[in-house]
Amino acid sequence: MRKQRIGILALQGAFIEHQQALQRLDAEPVLVRLPEQLQGLQGLIIPGGESTTISRLMVESGLFDSIGKLALERFPILGTCAGMIILGREKPPQSVKTLRAMDIETTRNAFGRQVDSFETDLAIPVLGQKLFHAIFIRSPVIDTLGTGVEVLAHLPDGTPVAARQDRLLATAFHPELTQDLRFHRYFLSIISEQG
Ligand code: GLN
């Protein structure tokens, strides 16, 4: 079987870790910095980092429009942390130009300065019974979501932190920073569901 060619937006942020996760799953990661590098890909990962910077560099490189177009065509995209902000809509007052491809409204840096990073074990039923160790770093949360959006994981207080809408996937945490490959494997399985 041919390896799945998956793009990773490599303008800023934690893209190397996604590259390693995909290699370990025997997929072919492709670092994307220019619109033409989106050719021939089966999916795309928008990594964590600084959403304002990633968004600005996406606009400057022409990738903002190209990725926005792909998202409308049901192209599979996984957004982690800053990537999740970029996939959805930011709650006003908005500071980041986002794709608005996913029907979620997010708040940036939702946990405030006191607890800007934390780790917790989450139940994510689509990944199986074993809890998933989730690392949150100055993370956003999902405030509101549309009817077509399925919550995949939430914090004990009910705050959604991972969601799926058709072939779009978003996590407020960083699955690429653990050795647990189940989230990436889940993304690859969504890609191979395509007819
Ligand atoms: N706080 C960052 C932002 O708002 C996201 C942090 C991250 O991706 N780890 O863009």
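Since this is a predicted model, take the numbers as computed values, not measurements. Both counts, for ligands and for their atoms, begin at 1 and track the order of listing. Values reported hereafter were calculated over all heavy atoms of this structure, with side chains retained and with hydrogens, waters and symmetry mates removed.
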- Item | Heavy-atom donor-acceptor pair, T107 side chain to V141 backbone, under 3.5 Å | no
Would you tabulate the side-chain donor-acceptor contacts of residues 24-32 under 3.5 Å, counting partners in other chains and residues two or more places apart, or write 'none'?
residue: R24; atom: NH1; partner: Q179; partner atom: OE1; Å: 2.8
residue: D26; atom: OD1; partner: K3; partner atom: NZ; Å: 3.3
residue: E28; atom: OE2; partner: R5; partner atom: NH1; Å: 2.9

TODO: Give a yes or no answer on whether the side chain of S55 reaches the backbone of T53 with a donor-acceptor pair at less than 3.5 Å.
DONE: no
Is there any protein N/O under 3.5 Å from an N/O of ligand 1, and what does the full list of such pairs look like?
residue: ligand 1; atom: 1 (N); partner: N109; partner atom: OD1; Å: 2.6
residue: ligand 1; atom: 1 (N); partner: R138; partner atom: O; Å: 2.9
residue: ligand 1; atom: 1 (N); partner: R138; partner atom: NH1; Å: 3.4
residue: ligand 1; atom: 4 (O); partner: S51; partner atom: OG; Å: 3.4
residue: ligand 1; atom: 4 (O); partner: R108; partner atom: NE; Å: 2.7
residue: ligand 1; atom: 4 (O); partner: R108; partner atom: NH2; Å: 3.0
residue: ligand 1; atom: 8 (O); partner: G49; partner atom: N; Å: 2.9
residue: ligand 1; atom: 8 (O); partner: G49; partner atom: O; Å: 3.1
residue: ligand 1; atom: 8 (O); partner: A82; partner atom: N; Å: 3.0
residue: ligand 1; atom: 9 (N); partner: I137; partner atom: O; Å: 3.0
residue: ligand 1; atom: 9 (N); partner: H174; partner atom: NE2; Å: 2.9
residue: ligand 1; atom: 10 (O); partner: S51; partner atom: N; Å: 2.6
residue: ligand 1; atom: 10 (O); partner: S51; partner atom: OG; Å: 2.6

Hits for side chain to side chain donor-acceptor pair (under 3.5 Å) against D65, two or more places apart or cross-chain, chain-then-number order -> none
For E60, the side-chain contact (heavy atoms from CB on, under 4.5 Å) test, sequence neighbours excluded, returns R56, L57
Electrostatic pair R167-E73, nearest N-O below 4.0 angstrom
no
